[in-house]
Amino acid sequence: MPTFGSSETTFGPHLSGDSTQTPYTGVRCPCCASKVEQLPRLWTIKPCRVCRRPLTLVWFLGRPRTYRLHSLLDVGGAIYGLSTLDLITAFILSEMNARTFAKIVTILLFVFGSLLLVDGVLGFGTRIDRTWSVVRRGGIAKLIGGGKAAAGMTAFGLVLVGLTL
């Protein structure tokens, strides 16, 4: 089973869409690096038993029937980033007015705030944080988790402002 990077594990054609939760040895959580005893079924979400981050199998682009184990929060963050770039490009290249742009930014801010809040609460509760591929444990992880939760709540406050536009 080849691995890419320190936290991404790829599963080849031996994993079918009808597979049940199958034990694999050596598969680790992309967030806390603890052993994953059972992989989630395809298109389902299963929390890590240590850090409680939601894990899912994601199709590896360019390789048929090959999957990677990812945190759903990381997948959501990647989709948020690409959506933000698309929005800015559309605003620059099209005749989108500022009010429409602000409304779409409000929706994206809600997504980002949700990601921050969930990650912060999980980091605060489990004392395990992963930010920019750096895993922290203990008191510093709890502090960063609290900061993320506070930033998520601030984002929700800004969403309320955006909804009044």
Strictly distance-based, threshold 3.5 Å: is any side-chain N or O of Arg137 a donor or acceptor partner for the main-chain N or O of Thr126? no

Heavy-atom donor-acceptor pair, Arg99 side chain to Asn97 backbone, under 3.5 Å: no

If you group Ile, Leu, Val, Met, Phe, Trp and Tyr by side-chain heavy-atom gaps below 4.5 Å, do Leu55 and Val27 land in one group? yes

So, taking the atom named CZ in Phe124 and the one named CG in Leu143, what distance separates them when rounded to the nearest 0.5 Å? 9.0 Å

Going through the checks in order, is the salt bridge (charged side-chain N to carboxylate O under 4.0 Å, His left out) test met by Asp119 and Arg53? CA-CA 8 Å; Asp119 195 23; Arg53 300 304 194 280; 3.0 Å; yes

Taking atom CG of Leu117 and atom OG1 of Thr154, what is their separation to the nearest 0.5 Å? 10.5 Å

Starting at SG of Cys31, measure out to CG of Leu69 and round the result to the nearest 0.5 Å. 9.0 Å

Can you measure from OG1 (Thr100) to CZ (Phe91) and round to the nearest 0.5 angstrom? 9.5 Å

Within the distance-only criterion (no hydrogens, no angle test), does the side chain of Lys103 pair as donor or acceptor with the backbone N or O of Leu165 below 3.5 angstrom? yes

Going by distance alone, is a donor N or O of one side chain under 3.5 Å from an acceptor N or O of the other, for Thr131 and Lys148? yes

From Phe110 CZ over to Leu158 CG, what is the distance, rounded to the nearest 0.5 angstrom? 13.5 Å

Pairing residues for Arg49 by the salt bridge (Lys or Arg N to Asp or Glu O under 4.0 Å) criterion, not counting sequence neighbours: Glu37

Distance, nearest 0.5 Å, that separates OG1 of Thr84 from CG of Leu108: 4.5 Å

Does the side chain of Tyr67 reach to within under 4.5 Å of the side chain of Val58, using non-hydrogen atoms? no

So which heavy atom on Thr106 is nearest to which on Ala102, and how close? OG1-O, 2.8 Å

Who passes ring-ring contact (aromatic ring centres under 6.0 Å, His included) against Phe112, sequence neighbours left out? Tyr80

Do Ser83 and Asp86 have a side chain donor and acceptor closer than 3.5 Å? no

Look only at the side chain of Arg130 and the backbone of Pro30, and say whether a donor-acceptor pair between them is shorter than 3.5 Å. yes

How close do Leu57 and Pro40 get, counting heavy atoms only, and between which atoms? CD1-O, 3.4 Å

